[in-house]
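Written below as structure tokens is the structure these notes are about.
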Amino acid sequence: MTTLLEATGISRAFGGVQALNLCSLEVQKGSITGLIGPNGSGKTTLFNVMTGYVRPDQGSVFLGGTDITNERPDKVFALGIGRTFQLTRIFGRITVLENMLVATQREESWLRGLTRSMSSTSEVTSAMEWLDFVGIARLANLQAGALSFGQRKLLELAYVLVANPDVILLDEPAGGINLTLVNEIASKIRTLNKSGKTFLIVEHNMEFVMGLCDAVTVMHQGADLVTGTPSEVRANPLVLDAYLGGGEDDEEIEPEVSHG
Ligand SMILES: Nc1ncnc2c1ncn2[C@@H]1O[C@H](COP(=O)(O)OP(=O)(O)OP(=O)(O)O)[C@@H](O)[C@H]1O
Ligand SMILES: [Mg+2]
């Protein structure tokens, strides 16, 4: 096994909130790795640190052994880490196809990139192929703002894929979409994984995570709590405690006795 993406000892505070507290994570090359944990446990913040959107106060990020800590998002993207966002970030006032064509330039001068791409037949062909892969090619000329939330997620997946990243970070790909679409996304991920893509997936849908992932890391209060196979994680009592809100802050409250 080779580690493709690695975060070591990452800490990050926002004001008084310690979003990440010495968090470490390894993603093996060729794996589908799951990242789970209760709301607010730091999953999205870790994604943001690994993709250059948030600077860590402490710790390092490595891609294929190269230190990429504090690289800017466009550089990280160019180095081969693609990501989607928990709340999708697409351009609503241009078409689905146009969104695809700005995909590779989205961090800088996307308008210039779009103009160039529109005249390049091969880029349009490739964009259409990926839209077809995720099943929304028929919507190519629709304004992206008219897409449903699930279709936006598929568009985001397609525009990440068009840039051909080595590792793909998905933030809640199954969140807020119907079951048919959830299963479709799972099968797309499996197909891509077989063709060599590595995935890191944040998701609250346990069936989705457990059915898809080779390894799962559970986060709790900004740190990695448990890492293992889906069945190891499921059997670990610490995980249940984390989800039920157990922790050092939750001491049993003594019933108040009035001495009246
Ligand atoms: N930009 C920010 N400014 C202030 N606080 C932030 C910021 N980003 C994250 N936080 C805080 O950091 C903590 C971790 O948030 P994060 O979004 O990483 O959690 P999460 O595990 O992705 O949760 P969810 O499952 O609800 O998406 C939360 O307390 C959150 O409010
Ligand atoms: Mg999140």
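Remember, it's 1-based here, ligands and their atoms both numbered in the order they're listed. Atoms considered below: every heavy atom in the structure, side chains included; atoms not considered: hydrogens, waters and symmetry mates.
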Please table the atom pairs, donor to acceptor, closer than 3.5 Å between any side-chain atom in residues 5-12 and protein atoms at least two apart or in another chain.
residue, atom, partner, partner atom, Å
Ser11, OG, Leu22, N, 2.9
Arg12, NH1, Arg55, O, 2.8

Nearest non-hydrogen protein atom, [atom]:
atom	answer
atom 26 (O) of ligand 1	Asn39 ND2, 2.8 Å
atom 12 (O) of ligand 1	Ala19 CB, 3.2 Å
atom 29 (O) of ligand 1	Val17 CG1, 3.5 Å
atom 27 (O) of ligand 1	Gln86 NE2, 2.9 Å
atom 17 (O) of ligand 1	Thr44 CB, 3.7 Å
atom 14 (C) of ligand 1	Gly40 O, 3.4 Å
atom 10 (N) of ligand 1	Phe14 CD1, 3.6 Å

Where does Met219 meet ligand 1, judged by heavy-atom distances below 4.0 Å: at the side chain, the backbone, both, or neither? neither
Are the side chains of [Y] and [X] in contact, using a 4.5 Å heavy-atom criterion?
X	Y	answer
Leu35	Phe47	yes
Pro56	Thr69	yes
Leu155	Ile136	yes

Closest non-hydrogen atom pair between Met50 and Leu200, with its separation: CE-CD2, 3.4 Å
Under the side chain to side chain donor-acceptor pair (under 3.5 Å) rule, what do Asn48 and Arg83 come out as? Steps first, then yes or no, please. CA-CA 10 Å; Asn48 287 339; Arg83 73 168 291 184; 2.7 Å; yes
Applied to residues 127-144, the side-chain hydrogen bond (donor to acceptor under 3.5 Å, both in side chains) test, sequence neighbours excluded, yields none
Cluster link Leu157 to Leu139, ILVMFWY, side chain under 4.5 Å: yes
Linking I/L/V/M/F/W/Y whenever their side-chain heavy atoms sit closer than 4.5 Å, directly or via other members, would Phe77 and Val61 fall into one cluster? no
Let's test this: below 2.8 Å, count the protein N/O/S atoms around the Mg ion (ligand 2). 2
Which atoms from ligand 1 have a heavy atom of Ser41 less than 4.0 Å away? 19 (O), 21 (O)
By number and element, which atoms of ligand 1 are closer than 4.0 Å to a non-hydrogen atom of Glu172? 25 (O), 27 (O)
Under 4.0 angstrom from atom 31 (O) of ligand 1, is there any protein heavy atom? no
I want to know whether Phe85 and Tyr53 have ring centres closer than 6.0 Å. yes
Consider every N or O of Gly37 and every N or O of ligand 1, then say whether any pair is closer than 3.5 Å. no
Review item, side-chain donor-acceptor pairs of residues 164-171, under 3.5 Å, at least two apart:
residue, atom, partner, partner atom, Å
Asn164, OD1, Lys197, NZ, 2.6
Asp171, OD2, Thr44, OG1, 2.8

Using heavy-atom distances only, which candidate in Leu46, Leu20, Thr45 approaches atom 18 (O) of ligand 1 most closely? Thr45
Side chain of Asn193, backbone of Phe199: donor and acceptor closer than 3.5 Å? no
